[in-house]
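Encoded as structure tokens, the structure appears first; notes follow it.
Computed over heavy atoms, backbone and side chain alike; hydrogens, waters and symmetry mates excluded. Keep in mind the model is a prediction, meaning the values are calculated, not measured. All ligand and atom numbering here is 1-based and tracks the order in the structure.
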Amino acid sequence: MITFFKGEKVDETENDLSLDMENIPKHIAIIMDGNGRWAKKRKLPRTMGHKAGVETIRRILKEADKLGIKYMTLYAFSTENWKRPKEEVGALMKLLVQYLRQEINELHKNGVKINVLGDISMLPEECIIEIEKAKEKTNLNTGITMNIALNYGGRDEIIRGIKLLVEDAKNEKINLSDINEHMFENYLYTKGIPDPDIIIRPSGEQRLSNFLLWQCAYSEFWYSDICWPDFKEKDLHQAIYDFQHRDRRFGGIKK
Ligand code: FPP
């Protein structure tokens, strides 16, 4: 049984943690790792692992929304994932299309706003169409924002931002003296989105893999050995609980 400070009780999770509802992270970012290993362990094709991973997205998004998290960013396809076999890339794209087609009405009904980080122009046309439709339909929603990172790379994002900024400087829209950290954020895919409070990476790997390089300057990292398809609501609660017990100083000192 989870006891929230505001007196709410949620008993769908197995652990017994007290979450401070006044200190719920605004933004959680997840590297959905371990789908392949999950499938291999069960002697299934890797794509079955990704399919199971989509089920986890459904559950965790719902739980994150219920907890009052405002942004959830999911690393779905990196700029480096093109190196995977053509069949796996194709299966991932199909899963995305299926997910958007099947879920969009429900997501919209629940006030979820869909947003994409990354250069989607390289994706198959049917993906682009479904993404654009989903973004347009949910654009005015005020519930949780689901950022899907697709053909996303942190370095690529920064280089793209620099190019846009230089373009603006060449066109005399900005001066050199205008450039600072805060204004540069307007040139990133995450413009207007607060930095992630926590980066979650399941499956036992402990690296960032080119995810949100700029934005995670002061994010808390949370790792677990569970593969993404096995990631449960209670694991999200555990990550939040641990986050709430970290000492975030942002380079300062404890008061
Ligand atoms: C990492 O596991 C996972 C991915 C590269 C893809 C994640 C994508 C999805 C779950 C589907 C995307 C769809 C939507 C709806 C957003 P891995 O394959 O690297 O696992 P491994 O390290 O065990 O091989």
How far is [atom] from the closest protein heavy atom, and which atom is that?
{"atom": "atom 1 (C) of ligand 1", "value": "M32 O, 3.2 Å"}
{"atom": "atom 10 (C) of ligand 1", "value": "N35 ND2, 3.5 Å"}
{"atom": "atom 5 (C) of ligand 1", "value": "N81 OD1, 3.7 Å"}
{"atom": "atom 20 (O) of ligand 1", "value": "G36 N, 3.1 Å"}
{"atom": "atom 11 (C) of ligand 1", "value": "V54 CG2, 3.8 Å"}
{"atom": "atom 4 (C) of ligand 1", "value": "H50 CE1, 3.9 Å"}
{"atom": "atom 6 (C) of ligand 1", "value": "A76 O, 3.3 Å"}

Counting only heavy atoms, tell me which of [options] gets closest to [atom].
{"atom": "atom 16 (C) of ligand 1", "options": "L61, I57, I31, D33", "value": "I57"}
{"atom": "atom 23 (O) of ligand 1", "options": "R37, Q102, R46", "value": "R37"}
{"atom": "atom 18 (O) of ligand 1", "options": "Q98, M146, R84", "value": "R84"}

*asked:* Looking only at distances, can you tell me whether any N or O atom of Y75, backbone or side chain, sits closer than 3.5 Å to an N or O atom of ligand 1?
replied: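 Y75 vs ligand 1: no N/O contact under 3.5 Å.
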
*Establish, yes or no, whether a centroid distance under 6.0 Å links the rings of Y241 and H245.*
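Under 6.0 Å, so yes.
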
*Test log, rule salt bridge (Lys or Arg N to Asp or Glu O under 4.0 Å), inputs E130 and R101*: CA-CA 7 Å; E130 291 308 321; R101 282 186 187 152; 3.1 Å; yes

Ion pair present between [X] and [Y], side-chain N to carboxylate O less than 4.0 angstrom?
{"X": "E185", "Y": "K191", "answer": "no"}
{"X": "R155", "Y": "E80", "answer": "no"}
{"X": "R249", "Y": "D247", "answer": "yes"}
{"X": "E63", "Y": "K66", "answer": "yes"}

*With heavy atoms of L92 as the reference, note each atom of ligand 1 found under 4.0 Å away.*
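Near L92, the atoms of ligand 1 are 6 (C), 8 (C).
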
*With heavy atoms of Y99 as the reference, note each atom of ligand 1 found under 4.0 Å away.*
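Per the distance check, 15 (C).
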
*Quick one: does G34 get a heavy atom under 4.0 Å from ligand 1?*
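Heavy atoms of G34 do come under 4.0 Å of ligand 1.
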
*Can a non-hydrogen atom of K40 be found less than 4.0 Å from any atom of ligand 1?*
no

*Measure from the side-chain N and O atoms of S219 to the backbone N and O of P196, and report whether any donor-acceptor pair falls under 3.5 Å.*
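At least one qualifying donor-acceptor pair exists.
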
*Hey, are the side chains of T190 and E157 touching, using non-hydrogen atoms and a 4.5 Å cut-off?*
yes

*Under the criterion side-chain contact (heavy atoms from CB on, under 4.5 Å), which of T73, V116, L117 is the partner of Y189?*
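Running side-chain contact (heavy atoms from CB on, under 4.5 Å) over T73, V116, L117 with Y189 returns exactly one hit, L117.
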
*What class does the angle between the rings of F231 and W222 fall in, given that below 30° is parallel, 30 to 60° is tilted and above 60° is perpendicular?*
perpendicular

